[in-house]
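Just dropping this structure here.
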Amino acid sequence: MAMIRFDSVSKRYPEGHEALSRASFEIDEGQMVFLTGHSGAGKSTLLKLVMLMERPSQGQVFVNGQNLRNIGRLKIPFLRRQIGVVFQNHQLLFDRTVFDNVALPLIISGCPHQEIGRRVRAALDKVGLLDKERNNPITLSGGEQQRVGIARAVVNKPPLLLADEPTGNLDPQLAAEVMGLFQQFNQVGVTVLIASHDIALIKSLSYPIMSLKGGQVTRQPATEAEVPFDG
Amino acid sequence: MADAQGAQRRQSRIRDMLAGWRAHHGEVARNSFQRLLATPVSSAMTWLVIGIALALPASLYVGLINMQALGEAWDSTARLSLYLKMDVDDARGKALAEALRKDSELVAVQFTDRASALAEFRAISGFGDVLDGLDENPLPALITVEPVAGLSAEHLGQLQQRLSALPEVESAQLDLEWVQRLYALVKLGQRLAITLAALLALGVILVIGNTIRLAIESRRDEIVVIKLVGGTDAFVRRPFLYTGLWYGVGGGLCAWLVVAISLWVMSGPVARLAGLYGSEFSLDGLGLVATLLLWLSGGLLGLAGAWLAVARHLGDIEPK
């Protein structure tokens with residue numbers, strides 16, 4: 001089954017710029033896919049369409065079996081709870097601890113109190129920041145902040161994980177560590193879509209690549225045959 | 001069997017959700033109160049503004065119930081004084097008094113003959129020497145009557161006319177005109193209080209709305225993140241509604257304090273004034289019901305102001 005399906009989707013902005021032009025593609029459940037393209041090619045727009053931060057001008061988007069056209073404004077939060085998102089600028093809140101930042105999605109979805117502590121620590125453990133739970137994120141390094149953002153994205157175990165330039169501000173070694181984390185989540189069944197223009201890093205990993213050019217999506221099979229790809 | 005287990009599991013999940021929701025409300029309520037305490041000066045100023053705005057109509061209300069109490073105290077002893085003509089002798093006056101005792105509209109009739117009237121006047125006025133110089137008693141005989149309780153002002157006026165038409169009666173005086181004027185004043189005051197309360201309530205809503213607008217602005221980043229990770233509108237609204245509630249309830253408390261302190265300041269002079277009139281009158285306070293009502297209306301106005309701000313401004317903040 002497709003986790004994400006775009007069916008000849010166009011997105012024009014009021015000022016006339018067309019970010020996507022009848023783009024069609026599918027990402028199957030459990031896949032990990034990179035999305036590349038020069039800046040301004042529409043990578044962020046594509047992710048925003050998946051999260052319903054934007055709506056397409058034409059065409060249809062399906063996420064986890066739901067036609068997003070049928071999801072009204074009031075139901076958007078429930079779609080977003082199925083999607084973990086990692087941002088380049090990590091979007092952490094500096095008025096609370098690392099623990100409280102990661103706990104936010106659980107509190108929002110009404111998770112029982114005891115459960116919150118358990119799951120937040122599990123997520124922080126996974127990204128290697130269990131000892132920093134009482135810190136304010138502002139005291140952490142860039143790489144650590146990004147890992148807190150990842151912990152928050154996966155804490156309520158979403159089936160789909162989106163990342164927008166997650167390694168944009170990181171040096172190569174930290175970037176590789178962060179990519180390693182995404183690979184781990186993918187191995188336990190999470191569908192992962194990572195927008196990045198770090199071609200060198202992408203090429204070093206053997207996952208399928210979608211490139212955006214002129215509003216169209218073209219897929220290249222995985223660089224090495226070890227990851228099956230049925231595009 | 002499996003179905004029963006499933007139903008049980010579902011039930012316990014709903015229970016968990018409810019418990020989580022309740023805990024979240026408690027936490028948000030506590031948290032938004034702590035935020036207010038974290039900026040004590042600006043919060044206290046807002047509370048005071050709301051308190052003074054609510055205290056004005058509340059004090060007017062207290063003033064009115066006290067005036068009404070004063071009016072009622074006099075009303076229950078409304079009396080008519082019938083001054084008899086000078087040529088009516090005591091025997092005829094007594095006979096008239098007897099006749100009036102049978103009148104169904106009167107409950108008490110007291111006859112004061114001319115000699116007793118003079119004695120009483122001499123005792124009270126201190127004009128004894130002047131009276132001694134007069135050749136004859138200048139005072140008429142007097143019949144004081146008390147109408148049955150609960151007569152309307154109009155009815156009392158008719159009674160006065162009927163009694164003054166009696167042949168023995170020179171004039172009938174109703175000691176009630178000032179009570180009627182007082183009632184008219186109280187009525188006017190009530191209108192004034194309602195108008196003032198409505199205007200000031202609007203003012204409170206706007207003050208709280210503006211304060212909440214600033215709070216929303218200062219928590220913009222948080223709102224964006226909450227919306228990104230799937231927070232509903234209700235979730236985003238909740239802390240601001242509680243903040244509005246706390247502003248309103250705190251303002252209600254301030255208003256109560258302002259009224260209580262004003263009453264306390266005025267109670268001494270009022271007691272002295274009442275003492276001069278030989279009255280036991282003392283100021284009534286707000287009372288329990290009115291106090292609760294003051295708090296409740298403070299809280300409701302706070303919520304309303306917060307709703308206004310939230311409805312206007314939260315929609316503008318969307319993740320970009």
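Because the structure is a prediction, the values reported are computed rather than measured. We name chains A, B, ... by the order of the sequence lines, and we start the count at 1 in each one.
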* Output every pair passing ring pair (Phe, Tyr, Trp, His ring centres under 6.0 Å) with a member in residues 191-230 of chain B, not counting sequence neighbours, ordered by first then second residue. => none
* Name all pairs fulfilling the salt bridge (Lys or Arg N to Asp or Glu O under 4.0 Å) condition that reach into residues 128-139 of chain A, sequence neighbours left out, sorted by first residue then second. => A:R121-A:E133, A:K132-A:E144
* Asked: Between A:F87 and chain B, which part of the residue has a heavy atom less than 4.5 Å away: side chain, backbone, both or neither?
  -> side chain
* To do: Side chain from CB out, backbone as N, CA, C, O: work out which of these in A:L92 comes under 4.5 Å of a heavy atom of chain B, or both, or neither.
  => neither
* side chain to side chain contact (heavy atoms under 4.5 Å, CB included) partner of B:V229, the single match among A:I108, A:I107, A:I83 ->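 Answer to the side chain to side chain contact (heavy atoms under 4.5 Å, CB included) test with B:V229 among A:I108, A:I107, A:I83: A:I108.
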Cross-chain donor-acceptor list, chain A x chain B, under 3.5 angstrom:
residue : atom : partner : partner atom : Å
A:R73   : NH2  : B:D233  : OD2          : 2.4
A:R80   : NH1  : B:K227  : O            : 2.9
A:R81   : NE   : B:G230  : O            : 2.8
A:R81   : NH2  : B:G230  : O            : 3.1
A:R96   : NH2  : B:E222  : OE1          : 3.2
A:R96   : NH2  : B:E222  : OE2          : 2.9

* Considering only heavy atoms, which portion of B:L18 lies under 4.5 Å from any heavy atom of chain A: side chain, backbone, both, or neither? -> neither
* Structure fact -> Applying side chain to side chain contact (heavy atoms under 4.5 Å, CB included) to B:A201 and not counting sequence neighbours gives B:L301
